[in-house]
Each structure stands twice: as C-alpha cells, then as structure tokens.
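One structure below.
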Amino acid sequence: MFDPNVIKKDFPQLTRLINGKPIVYLDSTATSLKPRQVIDKENEYYTKYTANVFRGIYTTSEEATAEYEKSRELTAAFIGAVSADEIVFTRNTSESINLVAYSYILNSFNPGDRVVTTIMEHHSNFVPWQQLGKRRNISVDIWYTDEKGTLDLSALEKLVTPKTRLVALTAASNVLGTITPVTQIVKMVKKINPKCLVLIDAAQAAPHMPVDVGAWGADFVAFSSHKMLGPTGIGVLWARPELLEEMTPFNYGGDMISEVHVDKTVFKKPPHKFEAGTPHIAGVIGFGAAVQYLSALGMDNIRIHEKELTKYAITKLEAVSGLSFMGPKDPLVRGGVFACTMKEAHPHDIAQLLNEDNIFIRAGNHCAMPLHEHYGVSSTARASCYIYTTREDIDAFVAGLLKVQKTFS
Ligand SMILES: Cc1ncc(COP(=O)(O)O)c(C=O)c1O
C-alpha cells in the first residue's frame, strides 16, 4: 500500500524541527528530499570502497566501478532503454541538453534550419536553442500554450516544416504542471517530417510517472537525479545509439579515450566518450539507490498518489477567494505543482510568511520567464508535491495562504 505517511519516515529531513516545529516541504519541483537509503548508499562509497573508477585493478576500485556501472544498468531499466550504453551521466538536465546542443546540433545544423520549442520550457530547454540559434542563424519557433495551459496539437502542422531539425519540449511543466502527450507529439512530428529529431526534457516527468523511452519514440531524453530522490550533481542523457555514435565529445580529457598519440586521439565508445575526467562517483552510486527506491514504490503508484493529491489540492485551492493558480484544472493532465498568485500579496511575501510556519515553497519565475511573460505575471508562489506529500501538507499550505490573506487585507 502506498502511504506517504510511511514513506515520510525514510526521509531524515522530515524529522527535523525548526524553532520547535516540523517542516512542510513543498518545493520538490526544485529538488526532492533524499531518503536514508540514498544517503546510506552514497556514504557506502566513501566508507567502504573509495577509489577511482575504470582505472584500478585492485578490489575497491573494481567495487566502485561495478557499483557505478550498476547505476547505469538500473537507470536504463528504469526508463526502458535497450542498453546501459545509451545512458550518459552528466551533471544535471541542463548539462544533458547542452551536451546535445554542443555535441550534435552545433556540428550538424546549418543556417536556415529551424528548431521548435514551447513557451512553457524551463530556461534549460529554451536558452540553449535561442543562443545556438543566434550563433548559427537557426530560427526558433515557439509553440504557445493556450489559456488553460495546454498545447494545441493541431498547431504542430504549421510549426514543423521541412526545415525543422529539432522539436525540444518538456514532458511536464515545472510551473503549469501540464503533462504533454509525448508519444502522440513525437508521432505527429515524425509524420510531418521524418528527419526531425525530438528532445524531451523529462526533468519533471522521470520523478513522477513511468517513462518509457521506447514508447515515447523520441531521440534524446534528459533528466536530473536530484529531483527524483538522488544526489545533486548527477544528470542523465539518454539518446538513440546511432546519435550517440555520431555526436562528438564536448569535454576532452581522462577516461574518455582509448588511445592518445601526439597527433591523434581515438575516443572510447559511448557513453564513456562523453564522461571525461573523474565523475561524481558517489553521486552516481547514490542515484542507483534512488532509482531502486522509486522502482520499489512503483512509478504507476506514484502517479496515482500524485493524481489524487492534485485533485485534493485543486479543490482546496479553488475554494480560496482571490487566489488563482496556473495550468489545467484536470488532475489527469497535470502534476502536483501549483504556481499561485493572490490579489492581496506578492509571491515573495507569501513565501516569506509561510516560511515563518516552516512551510517551504518557492517564489519567483521558476526559471520559466518567457512563460510568466506569456501569461502577464512577473512571478508566482509555487508549491509542489512528491511521494512524501500528504493531504495534511496541502491543508497546511492552504491554511498558510489564508493567514497571508488576513495579514495583507
Ligand atoms: C522542466 C525542467 N527542466 C529542466 C530543469 C533543470 O534541471 P537542472 O537544474 O537539474 O539542470 C528543471 C529544474 O527545475 C525543470 O523543472
């Protein structure tokens, strides 16, 4: 049985009292809390087999290498990849997307080519295309969300042209909560232009719902460990094997080569040719434990929990007069993230007042400034849920909002 109150017990930070009061953590979209199992696994590397990977022929180095590669296998299985060789470890989603931009796009796109992205992207999946576009004279076409915060799929017919080389879109918005129908979109893109590549930003999908890269049919998928119970400093890029072959390394250095001579270098096969230098070994190993933890809970169960919680939160938030939150109102097409505005108070004031009661939310534009501009708001107060979030946490948030209203009216 999926019970967030039982799950909470695995998270040491949730036992902490600040000023004698417990904490209500509602900022998992920014980063998730870490369970004891992940912390212990990361520590295991530091206490039992600290050594560099791929280099030593002694026991602890072999143990570290085996654990590091086991995380790659676990990650591959978690997202339905055919082989662990399709998994490149990076620092985060941002670096995974930049890896595609620098190692693939920069080398193969030509002036006049086009990229399509959406207005609801995190800056990580927006700025690389905008900046590369400027450098290489590539046009970036924006797919706008409607007043409900969803994408009109019929717009793709006009947006994707024979010149479009890439569609880069998020699987779930970190502000609207909107979940995009990835499989359907990829099918439509490939039908319009079979040569067009599709990159999926799964930073808010991989932690919250089942991801199957095979079923999605995309070409690149990026996500971050730290949003799905894992350590910070670890990201994943999955790509189709032939694209990884084609891509040239972005970082040069130790461990990504098989031969170096004075006049030439032979790189290792993917994924190792993209992992130059000593990686964040403990982080990757800890991430493996996070993937195991999520798999044991079941991603389907996690999605069910979040759908129920979202339904509950929507009802509660809609009852607060003067409050509005962005994104669709149907829990079936959205996740548990609520970016709110209130007539009486600025989002920063809301976050600050809630902080006095140890209710932790985020205020600002959440690295989605174009989206906020599109809807004519400069910032929002965002509460977001995860596996350890309960109805009581939502109640605390709503009670906090009512307190803010009272203070400011
Ligand atoms: C949808 C989305 N994409 C990308 C990112 C960037 O992730 P990272 O900071 O781990 O690179 C975030 C982070 O909030 C996100 O929500």
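Atoms within each ligand, like the ligands themselves, are counted from 1 in listed order. Residue indices begin at 1 and follow the sequence shown. Computed from a predicted structure; not experimentally measured.
- The closest approach between a heavy atom of Glu121 and any atom of ligand 1 is not below 4.0 Å.
- For atom 7 (O) of ligand 1, the candidate residues are Thr232, Thr93, Asn92, Val175; the nearest heavy-atom contact is made by Thr93.
- Nearest protein neighbour of atom 4 (C) of ligand 1, counting heavy atoms only, is Asp201 OD2, 3.3 Å.
- The protein heavy-atom contact nearest to atom 15 (C) of ligand 1 is His122 CD2, 3.3 Å.
- Contact check for Arg91 versus Ile234: no side-chain heavy atoms found under the 4.5 Å cut-off.
- A distance below 6.0 Å separates the ring centres of His208 and Tyr386.
- Relative ring orientation between Tyr49 and Tyr45 is described as perpendicular, the plane-to-plane angle rising above 60° on a 0-90° scale split at 30° and 60°.
- Short contacts between ligand 1 and Gln204, defined as distances under 4.0 Å to a heavy atom of the residue, involve ligand atoms 1 (C), 14 (O), 15 (C), 16 (O).
- Closest to atom 11 (O) of ligand 1 among all protein heavy atoms lies Ser94 OG, 2.6 Å.
- Not a single heavy atom of Asn125 sits under 4.0 Å from any atom of ligand 1.
- Scanning the protein for heavy atoms near atom 13 (C) of ligand 1, the closest one is Lys227 NZ, 2.6 Å.
- Scanning all protein heavy atoms for the shortest distance to atom 6 (C) of ligand 1 gives Ser124 OG, 3.4 Å.
- Within ligand 1, counting atoms from 1 as listed, the ones closer than 4.0 Å to a heavy atom of Ser224 are 7 (O), 8 (P), 10 (O).
- Side-chain atoms of Ser96 never come within 3.5 Å of backbone atoms of Val221 as a donor-acceptor pair (strictly under, hydrogens ignored).
- Side-chain atoms of Ser124 and Thr93 form no donor-acceptor pair, as typed in the model, at a separation below 3.5 Å.
- The Asn174 neighbourhood of ligand 1 comprises atoms 16 (O), with distances under 4.0 Å to a heavy atom of that residue.
- Between His366 and His122, the distance separating the two ring centers is not shorter than 6.0 angstrom.
- Ring centroids of His280 and Phe89 are separated by 6.0 Å or more, keeping the two rings apart.
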Evaluate Phe397 against Phe338 for ring-ring contact (aromatic ring centres under 6.0 Å, His included), listing each step before the verdict.
CA-CA 11 Å; Phe397 174 53; Phe338 306 98; 7.7 Å; no

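- Ligand 1 has an N or O atom lying under 3.5 Å from an N or O atom of His226, backbone or side chain.
- Looking at Thr170 next to ligand 1, no N or O pair under 3.5 Å apart turns up.
- Of the charged side-chain nitrogens involved, none lies within less than 4.0 Å of a carboxylate oxygen, so that Lys311 and Glu308 do not count as a salt-bridged pair.
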